[in-house]
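First the proteins, then the strands, lettered A, B, ... as listed; each starts at 1.
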There are 2 protein chains.
Amino acid sequence: MEFRQLKYFTVLAEELNYGRAAAKLHISQPPLTRQIQQMEEELGVQLFLRTPKGVELTAAGQLFLEDAVNVMALMQRATERTQLAGSGHLGRIDVGIFGSAMLNVIPRLLLTFRNLYPNVDMALHNMNKTQQIEALREKRLTIGFNRIIPESDDMVIERVLTERILVAVNRSHKFAYLREIPLPDIANQPLIVFPKIARPSFADDVIALCRAEGFHPNIVQEVEDVVTGVALVSSGFGISMVPESGANLKLPGVVYRPLKKTPSPSIDLSCVYRKNDQSPILQAFLDIIRAYRNTSFPIDTHSSS
Amino acid sequence: MEFRQLKYFTVLAEELNYGRAAAKLHISQPPLTRQIQQMEEELGVQLFLRTPKGVELTAAGQLFLEDAVNVMALMQRATERTQLAGSGHLGRIDVGIFGSAMLNVIPRLLLTFRNLYPNVDMALHNMNKTQQIEALREKRLTIGFNRIIPESDDMVIERVLTERILVAVNRSHKFAYLREIPLPDIANQPLIVFPKIARPSFADDVIALCRAEGFHPNIVQEVEDVVTGVALVSSGFGISMVPESGANLKLPGVVYRPLKKTPSPSIDLSCVYRKNDQSPILQAFLDIIRAYRNTSFPIDTHSSS
DNA sequence: TCATAGCAATACCTTGAAGGTATCAAAAGA
DNA sequence: TCTTTTGATACCTTCAAGGTATTGCTATGA
């Protein structure tokens with residue numbers, strides 16, 4: 001049984017006349033006769049009763065007609081769904097997220113993606129860079145976001161954007177009265193760094209930044225993430241350094257100040273995905289990331305709550 | 001898209017290796033490659049990723065695989081259902097019934113049919129012979145049962161069986177003491193005849209029987225059906241003549257006696273169906289009727305309640 | 001009653017596409 | 001580096017789908 005025959009059958013069942021049905025199918029009448037004969041032979045069932053005025057469906061033919069219509073509709077739907085999936089408009093994307101990027105950049109990307117590809121399911125998974133790489137290898141993740149991602153043969157790391165590093169201080173701290181913080185002044189301040197797992201991390205960047213300036217920072221606490229770090233700043237535990245998008249985190253008594261240095265010390269946010277992943281959904285997502293890359297994300301570094 | 005291609009696709013999706021898949025399909029590898037290429041071109045979607053070790057499904061391919069399996073299963077089911085319908089094992093039969101035949105013959109036929117063709121829906125419709133013919137013409141009925149059916153060009157009337165005519169009398173009636181009732185003795189008895197609609201009917205047969213014997217029956221009541229007639233006999237209203245299968249109707253004080261005449265007066269039960277109806281369900285049903293035709297239905301004419 | 005029109009079926013030819021064999025190109029493994 | 005394994009390509013053969021011409025049947029109208 002071929003789809004062609006199903007099509008011929010349904011048209012003949014509609015027209016109930018070989019000549020008209022053949023015309024509608026843009027073939028001549030004899031091939032139609034033969035195809036229907038062949039179907040009847042293959043099924044071992046008479047589908048049409050030949051009458052002097054044309055044909056009519058047998059009971060078996062009526063039953064088969066219903067199913068034939070269903071089969072063709074299902075095939076049509078399958079084709080359309082597959083084409084949607086092939087163009088990235090249907091399917092699923094699993095995104096690994098971690099840290100301060102979730103406070104600003106990633107939500108914007110996700111929102112844009114959802115608007116453009118409403119039929120793609122999006123799942124967010126909170127994991128650190130090590131877990132992300134592992135999950136990517138096991139195809140549990142389509143793409144991961146992180147800072148300072150180790151190179152890997154089977155992964156592509158792509159910069160999403162570069163942010164200034166800001167100093168988070170308590171409003172009561174003397175730094176709060178400065179517009180910019182001179183880096184050397186940090187030397188003796190109690191410094192809170194993060195994250196403490198999955199090194200090297202942003203914490204190492206901060207430390208390296210200090211060392212390049214010629215001093216060793218006074219680290220009073222390593223915490224797991226930016227939220228905990230800023231929470232400690234809020235309670236007067238010390239000061240911290242955060243990526244610019246972390247400044248979206250408004251906690252009582254916390255203000256953010258840029259470092260006094262040119263060029264401004266900065267940290268990259270990157271994404272990572274499988275080198276051999278050609279899936280259209282990933283490509284679509286990457287297109288959005290690339291469109292965002294050079295967009296500025298102005299952040300009011302002087303606001304606080 | 002052809003079923004052949006769906007089949008090739010599912011096998012390749014299972015084997016994930018062109019060579020093995022082609023072997024399983026009993027074709028060589030190049031045609032398989034070409035058919036898959038053709039599918040991908042037609043859909044405009046890559047279904048497989050070619051890897052050095054073989055192939056793997058893309059996300060779109062996985063989606064299409066699910067649907068392809070469904071399409072093939074639905075087609076398979078359609079084929080089987082159609083073949084069942086074509087052999088009379090699936091579908092529907094509408095049977096018109098009327099009168100005393102419902103008391104014995106028809107239930108046996110229906111029971112036999114249901115046992116042999118459990119997937120055929122049976123619907124019974126109580127209608128008189130006029131209504132049956134009309135319903136047959138409008139295809140609301142597949143077959144009708146009745147007595148004395150008028151000839152018709154587009155209908156076939158076929159005898160189902162021939163029954164003796166019995167006399168139904170009240171146990172207190174003098175006839176109850178006879179083993180057989182001489183027909184002339186009926187002349188002055190109060191006679192109940194039926195049915196009163198859709199003449200000519202069994203009633204006319206009874207009247208004709210009497211006239212042939214040289215007398216005009218003393219009809220005291222015409223009733224609609226055998227049940228009403230026998231009910232009147234039960235209450236002592238008069239005597240009646242009923243087809244043998246009517247003797248299955250046990251009402252208080254009613255006994256049945258054969259007529260004393262050789263050959264025994266009889267009445268046919270017939271069925272009627274459309275001359276051009278070749279439906280396998282009807283043919284199957286007719287086969288059962290014909291098998292029953294020459295079977296005797298022994299009825300104990302002397303029992304009563 | 002015969003001629004005609006309209007229908008599906010058949011005979012016969014043409015062509016396109018599916019399948020086969022041989023071979024190539026690329027990559028992995030020994 | 002050579003061999004093996006994989007999918008892709010080139011080219012040929014064959015079979016079946018489609019076309020034209022025609023037949024056979026039946027209902028209908030003159």
For D:dA8 and B:T33 - does any side-chain N or O of the residue sit under 4.0 Å from the phosphate oxygens OP1/OP2?
yes

Is a donor from one side chain sitting under 3.5 angstrom from an acceptor on the other, for A:E80 and A:Q76?
yes

Ignoring hydrogens and geometry beyond distance, is a side-chain donor-acceptor pair present between A:T33 and A:Q29 at under 3.5 Å?
yes

Ring-plane angle category for B:F64 and B:F9, please: parallel below 30°, perpendicular beyond 60°, tilted otherwise.
perpendicular

Decide if atom CD of A:E41 counts as having more than 12 heavy atoms of other residues, nucleotides or ligands within a radius under 6.0 Å.
no

Specify the separation, in whole Å, of atom CG of B:L49 and atom P of C:dA26.
19 Å

Under-4.0 Å salt bridge between B:K275 and B:D277:
no

Detail all sub-3.5 Å separations between protein N/O atoms and N/O atoms belonging to nucleotides 16-18 of chain C.
residue, atom, partner, partner atom, Å
C:dA18, OP2, B:Q35, NE2, 3.4
C:dA18, OP2, B:Q38, OE1, 3.3
C:dA18, O5', B:Q35, NE2, 3.2

Measure from the side-chain heavy atoms of B:P30 and tell me the nearest of D:dT6, D:dA21, C:dA22.
C:dA22

Among D:dG18, C:dT21, D:dG7, the nucleotide that comes nearest once only the side chain of A:I27 is considered:
D:dG18

Choose from C:dA8, D:dA8, D:dT20 the nucleotide whose nearest atom is closest to any side-chain atom of B:R50.
D:dA8

Distance check: side-chain N/O of B:S28 vs OP1/OP2 of C:dG20, anything under 4.0 Å?
yes

Report yes or no: do A:R50 and A:Y18 form a side-chain donor-acceptor pair below 3.5 Å?
yes

Below 3.5 Å, does any donor atom in the side chain of B:Q37 face an acceptor in the base of D:dA8, or the other way round?
no

